[in-house]
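One structure below.
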Amino acid sequence: MSGLLVYGSYGYTGELIVEEATARGLDPILAGRNERKLSEQAAESNCEMAAFDLDDAAAVTDALDSVDVVLNCAGPFVETYEPMVEAAIETGTHYLDITGEIDVFQAVAGYDERAADAGVVLLSGVGFDVVPTDCLAAHLAERLPDATHLALAFKGLADISPGTMKTMLNYAGDGGYVRRDGLLESVPAAYRTRKIDFGSGERSAVTIPWGDVVTGYHTTGIPNIEVYMAAPEPAIWAMRGTRPVAPLLDIGPVKSTLQRVVDTAVTGPGERTRERGRGYVWGEVTDEDGGRAVSRLETPETYKLTVESALEIAGRVLDGDAPTGYQTPAGAYGPELVLDLPGVEREDVI
């Protein structure tokens, strides 16, 4: 068997991962639907390629049957995870992806027993979604073992890739989610705001539907979870202003038109931004007795971190460090995983 297959290798993040993987001598197999794009990328990177459509179950199975690990970089992942996970379980291939989609985390977790029986790991969210937040949640849970409430937040997500924008559009009509008393609860867009100090003074932040409402619960067992993103007040007002028209974004023709606009207008951050940018993650836990702990992370720019974390986890799985069944990043490798990535620092504030 070969080592690593990267599906969606010619997308914005997939291409970054392939460039770094080849620089490290991993020689990944490049995969996706578009044979022309794959051929160009394979010639440039001197890698093997495999062109196949996820609608062709036999082709997916054949492609995964010859590799140890598949890293899915093709979003929106709600449209790509199922054939990949089914084929991974059938072929005994470990499955990783870089999703941040709540529905995907929940769905992949539902394969836990089958994956364990097959001896494979299913680990979604091996990028900025959700490695740093999941590791910070696990660290805070260790600091306050009886915590009942977890709040996480981040800032530093400036330019975004086409795939990320399409995913955001895919869920724009859904509002948001929090976890309350162990259950996911649907809430309106920009449901709650608060002031958060990421290390340089307080910033406004607003709740968003981030994957940690699923993964954080799986990792820590804390029953009440909210996730926030730093945003200026006008942006928060604009988010709340979309509530009346949000259902329109779920109409097929509207969504298709917006996704075509994304393909032509969104490019993702350039190299200068990736090299110089920084990300900031904040977390707080509280318990019923008034106990409170707060910790922060400072990280490389979000896409740069995604490349580092995805390849760190892929490398561990390739080396045989692959706890089977459904896993979260910190559930599989502990809260210190994020500190093994270059340029990441952690601070306990309270």
Considering only heavy atoms from C-beta outward, does the side chain of [X] approach that of [Y] to under 4.5 Å?
X    : Y    : value
L71  : I17  : yes
R316 : L337 : yes
L184 : I102 : yes
T324 : V121 : no
C47  : P28  : yes
V70  : H94  : no
L4   : V67  : no
T80  : T99  : no

Sidechain-backbone polar pair: [X] side chain, [Y] backbone, donor-acceptor under 3.5 Å:
X    : Y    : answer
R179 : G216 : no
E35  : A51  : no
N224 : T148 : yes
E82  : E79  : no
T306 : F128 : yes
D287 : D146 : no
T93  : L64  : yes
D112 : G325 : no
Y333 : D321 : yes
T220 : A141 : no

Heavy atoms only: give me the nearest [X]-[Y] pair and the separation to one decimal.
X    : Y    : value
V130 : T215 : CG2-OG1, 3.7 Å
G125 : P329 : O-CG, 3.4 Å
L136 : G283 : CD2-N, 3.5 Å
A314 : L96  : CA-CD1, 3.7 Å
S295 : L140 : OG-CD2, 3.5 Å
L5   : A63  : CD1-O, 4.2 Å

Would you say [Y] ends up clustered with [X] if hydrophobic residues are merged whenever their side chains have heavy atoms under 4.5 Å apart, either directly or through other cluster members?
X    : Y    : answer
L152 : Y280 : no
V294 : I225 : no
M229 : F198 : no
Y228 : V349 : yes
F154 : W282 : no

- prompt: What class does the angle between the rings of F52 and Y7 fall in, given that below 30° is parallel, 30 to 60° is tilted and above 60° is perpendicular?
  reply: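 Answer is tilted, since the angle falls between 30° and 60°.
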
field: Distance-only polar pair, side chains of S9 and Q41, donor-acceptor under 3.5 Å
entry: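 Side chains of S9 and Q41: pair found under 3.5 Å.
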
message: side chain to side chain contact (heavy atoms under 4.5 Å, CB included), that's the test. Do V227 and T207 meet it? Break it down for me.
response: CA-CA 5 Å; V227 185; T207 49; over 6 Å; no

Residues V338, L297; criterion side chain to side chain contact (heavy atoms under 4.5 Å, CB included); working and verdict: CA-CA 9 Å; V338 72; L297 293 172; 4.2 Å; yes

query: Given the rule in the side chain to side chain contact (heavy atoms under 4.5 Å, CB included) test, do I98 and T13 qualify, once you have shown the distances and angles that lead to the verdict?
result: CA-CA 9 Å; I98 57 171; T13 308; 3.6 Å; yes

Check [Y] with [X], please: is the shortest side-chain N to carboxylate O separation under 4.0 Å?
X    : Y    : answer
D56  : R33  : no
E284 : R292 : yes
E308 : R24  : yes
R346 : E336 : yes
E298 : R278 : yes
E226 : R192 : yes
E86  : R114 : yes

Sole candidate of V281, D197, I196 that passes side chain to side chain contact (heavy atoms under 4.5 Å, CB included) when paired with R296: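 Of the listed options, the one satisfying the test is D197.
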
message: With side chain to side chain contact (heavy atoms under 4.5 Å, CB included) as the test, pick out the partner of S124 among D129, N72, V108.
response: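 That would be V108; it is the only one of D129, N72, V108 passing the side chain to side chain contact (heavy atoms under 4.5 Å, CB included) with S124.
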
For the aromatic rings, using the six-membered ring if either is Trp, is the centroid distance between [X] and [Y] under 6.0 Å?
X    : Y    : answer
Y303 : Y12  : yes
Y326 : H218 : yes
Y177 : Y191 : no

query: What distance separates M49 CE from K37 NZ, expressed to the nearest 0.5 Å?
result: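 Reported to 0.5 Å precision, the distance equals 13.0 Å.
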
- request: Report, as yes or no, whether the 6.0 Å neighbourhood of atom CD on E44 holds more than 12 heavy atoms from other residues, nucleotides or ligands.
  value: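 For E44, atom CD is not crowded (no more than 12 foreign heavy atoms under 6.0 Å).
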
task: Could you walk me through whether S45 and T22 pass the side-chain hydrogen bond (donor to acceptor under 3.5 Å, both in side chains) test, one step at a time?
output: CA-CA 7 Å; S45 59; T22 54; over 6 Å; no

